[in-house]
**Student:** 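Quick one: this structure, given as structure tokens, is what I'll be asking you about.
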Amino acid sequence: MDNPDRLLQATVLAIGDELILGQRLDTNSQWISEQLLLLGVRVVEHMTVADDARQIAGALAHLSQVAPLLVTTGGLGPTLDDLTRQALASALGESLVEDTQAMEWLDAWFETSKLPMPESNRVQTLRPASARVLPNTHGTAPGLAATLNQCEIFCLPGPPSEMRPMFERELHKICKAYSSQVRVATLKTVGLAEARIATKLAGLMRRENRVLVGTTASDGIISIRIRCEKRSDESLFEETFDQVRQKLGTYLYAESDASLPEHILGLLREHHATITTAESCTGGMLSASLTDCPGASDSYAGGWVTYTNSMKMSQLGVPERVIEEHGAVSAQCVEHMARGAQARAGTSHALAVSGIAGPDGGTADKPVGTVWIAHAWESDRMDARCFRFTGDRAQVRTRATTAALAMLRQNMLGIKDAPLLWQFNASP
Ligand code: ATP
Ligand code: MG
């Protein structure tokens, strides 16, 4: 523990054959790492091991030397392949003892659920001699907490529905104590390439700076995280924050971790505005991204998925000659889709998307990834833009969804001359 920086670090161990064999995605490690970062604790190593007591004990021994906090998930159940408690005992060099409190919890659990307790569940009342048991409010497997090599180890159950409440109850207070010195902030941008941001922020992103600035990209949304490890760097933190904000300009949409759809719904609410959607190649993804957010019905009226030309004509009133003359992937078509949807839904705004998501269907002048997006608002305002997204079918569809929301944001805020990433004929 001689390096004071170690106080702010943690490691995560995921346990389970199904994770190693690729039958299940290890979402626990991702969730735990994200939560720890929000609490100001940085995860510095992940490990995944099979349901094998020796391997688990080896991983516990290794990770306990890496950082002063270790969170494990999985292997606390009642079956023969659940070996975390035995492995923890062997890493600690201790034997397993029966815990009376765990016994009471287990009896109470089965009494409430009116089920007979299988004998195999008894193993869940065991703990290494120096460990303490952690109550599980959503299942039968208690968690375990112990100290090894001056590292605090928390063993949590594998099922996310049991692990998450236990993490929140047990780890929050520990992390608060660890992180009282740390300050973290997140800013989010849409429409700028990560490389462009990295260039703008170059000096601020040097690894040796006292205030650290890092970026993560996801389909056109770039998150910028700022953190400082010491309270004494507070004024430097503020200064860095202001500089980052200034350099991102109008591409910055939130000074929090808010998703773009959440931000858009907030904007619509503020403006007492409503919106509808008319989608072709995104097949409802725009609608889904908005309805994913609680409270979407305040502003989102509903929408259309008009995949074929005949649906575009019959449902939204796109004139046949528009499709004949310009094609379904054209400014004229999306403008008619947007205006048609807006009139039918009676909303103040409408977004329409039509494009070629691929892998087939591209032509020389409209290659795969070409997407037209229109935003109609008031009775006469219209913005239609062409994008050429890179990536596979799934990426083209997600990127088009993000771009549509980004266009809406720019128009609602009156942002001009700020071309969006992948906008065609303009490379931001
Ligand atoms: P149980 O009492 O259910 O046996 P457990 O603590 O023994 O709990 P495991 O047997 O390792 O946990 O896993 C139970 C289930 O939890 C797995 O089938 C899987 O659905 C889920 N799970 C385990 N580990 C992870 C992980 N790292 N990420 C996501 N899900 C996981
Ligand atoms: Mg299990």
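Only a predicted model underlies this, so the values are computations on that prediction, with no experimental measurement involved. These values consider heavy atoms only, across backbone and side chains, with no hydrogens, waters or symmetry-generated copies. This chain uses plain numbering: 1 for the first residue, then up along the sequence.
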**Student:** Before giving the answer on side-chain hydrogen bond (donor to acceptor under 3.5 Å, both in side chains), spell out for T282 and E279 the whole-Å C-alpha distance, their side-chain angles and the decisive distance to 0.1 Å.
**Tutor:** CA-CA 6 Å; T282 45; E279 302 178 67; 2.7 Å; yes
**Student:** Which heavy atom in P135 sits nearest to a heavy atom in M166, and how many Å separate them?
**Tutor:** O-CE, 3.5 Å
**Student:** Do you know the tightest heavy-atom contact between V190 and L420?
**Tutor:** O-CD2, 4.4 Å
**Student:** Hey, is the main chain of G358 close enough, under 3.5 Å, to the side chain of R393 for a donor-acceptor pair?
**Tutor:** yes
**Student:** With a 4.5 Å limit on heavy-atom distance, are the side chains of L405 and S289 in contact?
**Tutor:** yes
**Student:** Does CD in Q23 sit with more than 12 non-hydrogen atoms of other residues, nucleotides or ligands closer than 6.0 Å?
**Tutor:** yes
**Student:** Give, for atom SG of C155 and atom CG of L13, the distance between the pair rounded to the nearest 0.5 Å.
**Tutor:** 8.0 Å
**Student:** Would you kindly check if the NZ (Lys) or CZ (Arg) of R399 is within the cone defined by 45 degrees around the ring axis of F389 and under 6.0 Å from the six-membered ring centre?
**Tutor:** no
**Student:** Treating Q55 as the side-chain partner and D52 as the backbone partner, does any N or O pair qualify as donor plus acceptor under 3.5 Å?
**Tutor:** no
**Student:** Does E45, at its CD atom, have more than 12 non-hydrogen atoms belonging to other residues, nucleotides or ligands within less than 6.0 Å?
**Tutor:** yes
**Student:** So does L212 get a backbone contact from the side chain of R206, meaning a donor-acceptor N/O pair under 3.5 Å?
**Tutor:** no
**Student:** Would you say that more than 12 heavy atoms from the other residues, nucleotides or ligands in this model lie under 6.0 Å from the NZ of K200, or not?
**Tutor:** yes
**Student:** Exactly one of T140, T137, N136 should register a side chain to side chain donor-acceptor pair (under 3.5 Å) with E162. Which one does?
**Tutor:** N136
**Student:** With a 4.5 Å cut-off on side-chain heavy atoms, are L70 and E152 touching?
**Tutor:** no
**Student:** Hey, does T189 have a side-chain heavy atom less than 4.5 Å from the side chain of I221?
**Tutor:** no
**Student:** Go through the steps to decide whether Y251 and I197 satisfy the test side chain to side chain contact (heavy atoms under 4.5 Å, CB included), and finish with yes or no.
**Tutor:** CA-CA 10 Å; Y251 291 98; I197 292 184; over 6 Å; no
**Student:** Give, for atom CD1 of I275 and atom CG of L265, the distance between the pair rounded to the nearest 0.5 Å.
**Tutor:** 8.5 Å
**Student:** Of the non-hydrogen atoms in R409 and L252, which two are nearest, and what is the gap between them?
**Tutor:** NH2-O, 2.8 Å
**Student:** With no hydrogens and no angle check, just 3.5 Å: does a side-chain donor-acceptor pair link H375 and D383?
**Tutor:** no
**Student:** As an exercise, state the distance from CG of L63 to OG1 of T72, rounded to the nearest 0.5 Å.
**Tutor:** 10.0 Å
**Student:** Under 3.5 Å, side chain of E170 to main-chain N/O of F154, donor-acceptor pair present?
**Tutor:** no
**Student:** Under 3.5 Å, is there a donor on one side chain and an acceptor on the other for T186 and R225?
**Tutor:** yes
**Student:** On the 0 to 90° scale, with breaks at 30° and 60°, tag the F167-H172 ring pair as parallel, tilted or perpendicular.
**Tutor:** perpendicular
**Student:** Side chain to side chain contact (heavy atoms under 4.5 Å, CB included) between R127 and R85: does it pass, once the steps are laid out?
**Tutor:** CA-CA 6 Å; R127 61 165 168 81; R85 74 178 60 69; over 6 Å; no
**Student:** Check whether any side-chain heavy atom of M337 sits under 4.5 Å from a side-chain heavy atom of V353, and report yes or no.
**Tutor:** no
**Student:** Has L80 got more than 12 heavy atoms of other residues, nucleotides or ligands less than 6.0 Å from its CG?
**Tutor:** no
**Student:** Listing request: all salt bridge (Lys or Arg N to Asp or Glu O under 4.0 Å) pairs with a residue in residues 290-305, at least two apart in sequence or in separate chains.
**Tutor:** R269-D298
**Student:** Does the side chain of S287 come under 3.5 Å of the side chain of Y300 through a donor N or O and an acceptor N or O?
**Tutor:** yes
**Student:** Quick check for you: to the nearest 0.5 Å, what is the distance between I32 atom CD1 and L156 atom CG?
**Tutor:** 5.5 Å
**Student:** Under the 3.5 angstrom rule, does the side chain of R344 hit a backbone N or O of L316 as a donor-acceptor pair?
**Tutor:** yes
**Student:** Can you confirm whether Q246 is buried at CD, in the sense that more than 12 heavy atoms of other residues, nucleotides or ligands lie under 6.0 Å from that atom?
**Tutor:** no
**Student:** Could you walk me through whether T79 and D82 pass the side chain to side chain contact (heavy atoms under 4.5 Å, CB included) test, one step at a time?
**Tutor:** CA-CA 5 Å; T79 58; D82 292 319; 2.7 Å; yes
**Student:** In Å and rounded to the nearest 0.5 Å, what is the OG1 to CD1 distance from T216 to I222?
**Tutor:** 8.5 Å
**Student:** Atom CD1 of I226 and atom CZ of R245: how far apart are they, to the nearest 0.5 Å?
**Tutor:** 9.0 Å
**Student:** Take L134 and L144 through the side chain to side chain contact (heavy atoms under 4.5 Å, CB included) test and state the conclusion after the steps.
**Tutor:** CA-CA 6 Å; L134 310 172; L144 292 169; 5.8 Å; no
**Student:** Just wondering, do K312 and S280 contact through their side chains at under 4.5 Å, heavy atoms?
**Tutor:** yes
**Student:** So, Q9 side chain and V41 main chain: donor-acceptor pair closer than 3.5 Å or not?
**Tutor:** no
**Student:** Considering all heavy atoms of both residues, which atom of R339 and which atom of E378 are nearest to each other, and what is their separation?
**Tutor:** NH1-O, 3.4 Å
**Student:** Do we see a donor-acceptor contact under 3.5 Å between the side chains of E194 and T215?
**Tutor:** yes
**Student:** Is a donor on one side and an acceptor on the other found under 3.5 Å between the side chain of N309 and the backbone of I323?
**Tutor:** no
**Student:** Under a 3.5 Å distance rule, please check whether N209 uses its side chain to pair with a backbone N or O of G203 as donor and acceptor.
**Tutor:** yes
**Student:** Going by distance alone, is a donor N or O of one side chain under 3.5 Å from an acceptor N or O of the other, for R385 and Q410?
**Tutor:** yes
**Student:** For C333 versus G327, what's the shortest heavy-atom pair and its separation?
**Tutor:** CB-O, 3.7 Å
**Student:** Quick one: does T370's side chain have a donor or acceptor within less than 3.5 Å of a partner on P367's backbone?
**Tutor:** yes
**Student:** Just so I know, are the side chains of I356 and K366 near enough to count as touching, which here means a heavy-atom distance under 4.5 Å?
**Tutor:** yes
**Student:** Between A102 and T125, which heavy-atom pair has the shortest distance, and what is it?
**Tutor:** CB-CA, 3.8 Å
**Student:** Any donor-acceptor pair under 3.5 Å linking the side chain of D51 with the backbone of D17?
**Tutor:** yes
**Student:** Do T48 and I20 come close enough that some side-chain heavy atom pair is under 4.5 Å?
**Tutor:** yes
**Student:** Are a donor atom and an acceptor atom from the side chains of E238 and S235 found within less than 3.5 Å of each other?
**Tutor:** no
**Student:** In the structure I gave you, are the side-chain heavy atoms of D392 and V396 within less than 4.5 Å of one another anywhere?
**Tutor:** no
**Student:** Holding to side-chain contact (heavy atoms from CB on, under 4.5 Å), I want the full list of residues that pass it with E104, two or more places apart in sequence or in another chain.
**Tutor:** none
**Student:** So, for W372 and F387, is the gap between ring centers shorter than 6.0 Å?
**Tutor:** no
**Student:** Side chains of W422 and T390: do they bring a donor and an acceptor to under 3.5 Å?
**Tutor:** yes
**Student:** T11 and H46: side-chain donor and acceptor closer than 3.5 Å?
**Tutor:** no
**Student:** How about CG on D417, more than 12 heavy atoms from neighbouring residues, nucleotides or ligands closer than 6.0 Å, or not?
**Tutor:** no
